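Throughout, a chain's letter reflects where its sequence line sits, starting with A, and its residues are numbered from 1. Here the structure is a predicted model, which means the values were calculated and not measured.
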2 protein chains.
Amino acid sequence: MKSLNDIGILGLSNRLKRLSEIIHRQTDEVYKTENINFQARNVPLMQLLNENESMSVTQLAEMLGQTHPAISQMSKKLQQADLLYHQIDGGDERRRMLSITPVGFELMDQLAPVLKDLQIVLGRLLALAGGNIMDNVELLERQLEQKPLVERMSELRRERMINSVEIIHFEKEHSKPFYQLNRAWLEKYFYVEDIDHLVLSEPFERIIEPGGFILMARIMDKIVGTAALIAAKDGQLELSKMAVDPDYQGLGIGEKLVIAAIQQYQAADFKGLFLESNRRLTPAISLYDKVGFKEQKSPYGKSPYSRADIFMVFQEA
Amino acid sequence: MKSLNDIGILGLSNRLKRLSEIIHRQTDEVYKTENINFQARNVPLMQLLNENESMSVTQLAEMLGQTHPAISQMSKKLQQADLLYHQIDGGDERRRMLSITPVGFELMDQLAPVLKDLQIVLGRLLALAGGNIMDNVELLERQLEQKPLVERMSELRRERMINSVEIIHFEKEHSKPFYQLNRAWLEKYFYVEDIDHLVLSEPFERIIEPGGFILMARIMDKIVGTAALIAAKDGQLELSKMAVDPDYQGLGIGEKLVIAAIQQYQAADFKGLFLESNRRLTPAISLYDKVGFKEQKSPYGKSPYSRADIFMVFQEA
DNA sequence: CGCGACAATGTAATTACTTACGTAAATAAA
DNA sequence: TTTATTTACGTAAGTAATTACATTGTCGCG
């Protein structure tokens with residue numbers, strides 16, 4: 001048989017089932033050689049009832065980690081074999097409280113030493129195997145219940161995307177995505193003003209030629225975000241034209257763009273960095289705050305953009 | 001849900017199956033979100049065929065650790081879905097060599113990145129769990145295949161029996177088992193001589209009173225073996241009346257008796273220890289040899305027992 | 001070269017679960 | 001108090017495996 005490591009983790013599931021079946025078959029075999037007419041799969045149920053006197057179907061199902069029909073069917077057979085009986089619960093007439101019959105107790109007594117020995121034998125085997133299969137199985141169950149594979153997969157993708165975000169400088173061929181991303185952003189939150197259209201349609205002429213910068217965020221050849229640094233009066237730079245593709249929001253692309261912009265500002269020879277935004281855009285404002293922009297009264301008076309209602313200045317840490 | 005450690009190892013099997021089902025269900029879910037119409041349980045088969053081009057049903061069954069009908073039924077469905085096709089093997093017309101169709105390869109290509117990601121996600125989970133579930137599962141499978149539980153159980157019993165063998169001194173109530181064990185032994189290998197009957201029916205008078213000893217092997221209140229030290233001429237002791245219940249042979253009871261007899265001899269004040277036996281009884285002879293008895297020419301001449309054809313003397317190590 | 005043992009498959013029946021669904025009791029809400 | 005929702009359970013149907021058995025081909029041996 002091929003090794004599990006060769007088949008890959010994906011074969012694990014099949015092999016777990018197989019191992020389960022091997023153990024079942026072999027313990028059944030053990031009971032048979034002891035002349036005990038009983039099946040391994042019923043043991044945990046009987047043990048629980050042996051400890052707890054009487055339990056309902058759903059209680060048992062929950063404790064054993066099986067569905068209630070499974071317990072229902074099992075208990076039906078065990079009742080036919082006269083090993084269990086049930087009574088309707090006085091307080092709740094839906095519940096069938098299952099208990100062990102005298103015959104059942106007799107069987108359990110007969111079984112007890114065998115179970116004890118099996119426990120020892122299997123315990124030794126597990127110790128040989130490193131000791132923690134049980135813990136591992138349990139941990140896996142719990143982890144998968146807590147956060148299913150689908151979710152873990154999308155987390156992996158997200159992580160991979162975040163890692164593959166590149167911040168690059170504007171090139172001629174970025175004109176179209178630059179326009180589209182910013183226009184979409186404006187239309188979503190405000191409306192496109194005349195000055196927007198002017199700047200957005202001629203980014204090179206309006207931003208870069210006057211001494212500014214444009215940064216683009218790229219994920220695998222796809223442009224997913226923009227930021228611009230526009231040269232303003234008095235050797236100041238204005239951070240503006242921040243836009244991220246809605247499909248790629250929540251990946252921290254905005255933050256990467258702002259940080260890259262700040263680095264660009266620091267590398268170049270300017271006296272200050274500011275931005276104008278709108279208080280409604282709380283996630284953006286808190287991002288700006290986080291990276292070092294603090295609110296101030298605008299020294300320029302009213303902004304040319306009617307949507308601007310907050311003025312922030314970058315303060316070196 | 002109850003913890004596996006509470007349910008005991010016997011619940012392991014049920015829980016392994018459950019874990020297997022959880023993983024299956026969740027990987028199926030992943031494929032579904034990727035719009036891939038495929039079931040997790042078929043993946044290992046497809047992967048094997050992807051690597052190996054074409055394989056027969058039994059080859060696949062053997063490699064995947066499943067029965068051939070399982071593969072047969074699986075492949076039937078996969079052929080209906082146009083993912084596999086088969087050709088009769090040229091050399092052996094019984095064999096159906098299975099291969100992947102173009103449609104199947106397309107699916108595998110589509111699946112490849114998802115599988116890779118799943119591998120990563122599951123790999124992380126397993127690392128979290130301690131890292132060696134796969135090894136553990138494999139080790140358990142192998143161990144159980146090599147030596148099934150039934151066998152391990154009887155080994156445990158045997159071990160326990162060996163540990164519970166007690167060597168005690170003869171008491172009045174041991175007269176009957178002493179007689180029966182020795183008589184059965186004689187009848188099995190030789191025949192009962194007159195002198196045997198005399199000594200066996202009056203052990204106290206014939207062995208202990210003249211200054212000898214009788215040791216009994218007891219397992220949980222059951223007498224299962226005997227050995228006697230009979231005072232002989234010249235301050236010599238003779239080891240004799242060695243018998244072990246056939247139901248308890250192979251547990252090293254004979255060895256325990258001999259060793260206890262030697263210790264008894266050393267503790268008392270005698271000048272030598274010898275025995276007479278028969279060369280046919282090779283296991284006994286080799287045991288005597290092992291504990292320090294070496295063959296010598298008998299100084300007494302012919303033994304009163306007609307069965308005796310070897311004389312051995314104990315030599316201090 | 002036939003002939004018995006063995007091997008490669010398929011099919012049927014069985015099994016131990018599952019999901020889906022229905023019913024009745026209990027509980028919460030209006 | 002009526003009504004809607006939830007809970008406990010059973011039954012039916014489906015599924016993925018298994019064992020048991022049948023069929024056909026291969027191979028070694030007298």
Side-chain angles (χ1 to χ4, degrees), chain A residues 11 13-29 32 38-45 54-81 84-98, chain B residues 11 13-29 32 38-45 54-81 84-98:
Chain A
S13 160
N14 287 2
R15 293 291 280 277
L16 283 174
K17 196 167 176 193
R18 192 177 117 88
L19 177 57
S20 153
E21 262 154 21
I22 292 174
I23 297 181
H24 258 156
R25 225 191 339 268
Q26 293 203 0
T27 38
D28 280 350
E29 192 69 23
K32 216 159 114 196
F38 199 57
Q39 283 183 295
R41 63 190 193 89
N42 297 320
V43 167
L45 188 152
S54 113
M55 295 174 78
S56 73
V57 173
T58 29
Q59 273 180 317
L60 284 163
E62 206 278 330
M63 281 203 163
L64 296 172
Q66 290 183 295
T67 57
H68 82 263
I71 306 298
S72 179
Q73 288 162 24
M74 245 161 103
S75 81
K76 201 174 160 188
K77 279 180 199 164
L78 290 171
Q79 287 183 55
Q80 278 165 9
L84 293 186
Y85 70 96
H86 73 262
Q87 306 181 269
I88 304 293
D89 184 25
D92 184 342
E93 290 192 13
R94 292 168 305 174
R95 305 185 113 182
R96 290 174 180 273
M97 303 308 288
L98 294 166
Chain B
S13 162
N14 289 1
R15 294 291 279 277
L16 283 173
K17 194 167 178 193
R18 192 178 117 89
L19 177 57
S20 155
E21 261 152 22
I22 292 174
I23 296 181
H24 259 156
R25 227 192 338 270
Q26 293 204 1
T27 38
D28 280 349
E29 192 69 21
K32 215 159 116 196
F38 199 58
Q39 281 183 296
R41 64 192 193 88
N42 297 320
V43 167
L45 188 151
S54 115
M55 295 173 78
S56 74
V57 173
T58 27
Q59 273 179 316
L60 284 163
E62 205 279 328
M63 281 203 164
L64 295 172
Q66 291 183 295
T67 57
H68 83 264
I71 306 299
S72 179
Q73 289 161 28
M74 245 162 103
S75 82
K76 200 174 161 188
K77 280 182 196 161
L78 291 170
Q79 288 183 56
Q80 278 166 9
L84 293 185
Y85 70 96
H86 73 263
Q87 307 181 270
I88 304 293
D89 183 24
D92 184 342
E93 289 193 12
R94 291 168 306 177
R95 304 185 115 181
R96 292 174 179 274
M97 303 306 289
L98 294 166

With sequence neighbours left out, write down each residue that passes side chain to side chain donor-acceptor pair (under 3.5 Å) with [X], or none if nothing qualifies.
| X | result |
| --- | --- |
| His68(A) | none |
| Glu93(A) | none |
| Arg95(A) | none |
| Arg41(B) | none |

- Task: Identify whether any heavy atom of Gln59(B) sits under 4.0 Å from a base atom; if not, whether one sits that close to sugar-phosphate; answer base, sugar-phosphate or nothing.
- Result: nothing
Roughly how many Å is it from [atom1] in [X] to [atom2] in [N], rounded to a whole number?
| X | N | atom1 | atom2 | value |
| --- | --- | --- | --- | --- |
| Glu62(B) | dA8(C) | CD | P | 11 Å |
| Ile88(A) | dA24(C) | CD1 | C1' | 12 Å |
| Glu21(B) | dT15(C) | CD | C1' | 13 Å |
| Met74(B) | dT9(C) | CE | P | 15 Å |
| His68(A) | dA16(C) | NE2 | P | 19 Å |
| Asp89(B) | dA8(C) | CG | C1' | 11 Å |
| Ile71(A) | dC17(C) | CD1 | C1' | 11 Å |
| Leu16(B) | dA16(C) | CG | P | 17 Å |

Handout entry: Check: Ser20(A) main-chain N/O paired with Ser13(B) side-chain donor or acceptor under 3.5 Å
Key = yes
May I ask you to decide if Met97(B)'s main-chain N or O and Asp89(B)'s side chain share a donor-acceptor pair within less than 3.5 Å?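 No.
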Does the side chain of [X] get closer than 4.0 angstrom to OP1 or OP2 of [N] through an N or O atom?
| X | N | value |
| --- | --- | --- |
| Gln73(A) | dT18(C) | no |
| Thr67(A) | dT18(C) | yes |
| Arg25(B) | dT19(C) | yes |

| message | Which residues pass the side-chain contact (heavy atoms from CB on, under 4.5 Å) test with Tyr85(B), not counting sequence neighbours? | response |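 Gln87(B), Ser99(B), Thr101(B).
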Q.
Test of understanding: with side-chain contact (heavy atoms from CB on, under 4.5 Å), list the residues that count as partners of Ala70(A), not counting sequence neighbours.
A.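 Expected list: Gln66(A), Thr67(A).
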Heavy atoms of chain A, cut-off under 4.0 Å: which first and last nucleotide of DNA chain D, 5' to 3', fall inside that, if you could look?
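Under 4.0 Å from chain A, the extent on DNA chain D is dT7(D) to dT19(D).
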With the side chain of [X] defined as its heavy atoms from C-beta on, choose the nearest nucleotide among [options].
| X | options | answer |
| --- | --- | --- |
| Arg41(A) | dA16(C), dT18(C), dA8(C) | dA16(C) |
| Pro69(A) | dG10(C), dC17(C), dT19(C) | dT19(C) |
| Gln66(A) | dA12(C), dG10(C), dC17(C) | dC17(C) |

Among residues at least two apart in sequence or on other chains, which ones pass salt bridge (Lys or Arg N to Asp or Glu O under 4.0 Å) with Arg94(B)?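 Arg94(B): salt bridge (Lys or Arg N to Asp or Glu O under 4.0 Å) contacts with Asp92(B).
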Taking only N/O atoms, report every protein-nucleotides 26-29 of chain C pair under 3.5 Å with atom names and distance.
| residue | atom | partner | partner atom | Å |
| --- | --- | --- | --- | --- |
| dA26(C) | OP1 | Glu93(A) | N | 3.0 |

Nearest-nucleotide check on DNA chain C, Ser56(B) vs Lys17(B); residue mapping nearer the 5' end is Ser56(B)
Q.
Evaluate Met55(B) against Met63(B) for side chain to side chain contact (heavy atoms under 4.5 Å, CB included), listing each step before the verdict.
A. CA-CA 10 Å; Met55(B) 295 173 78; Met63(B) 281 203 164; 3.6 Å; yes
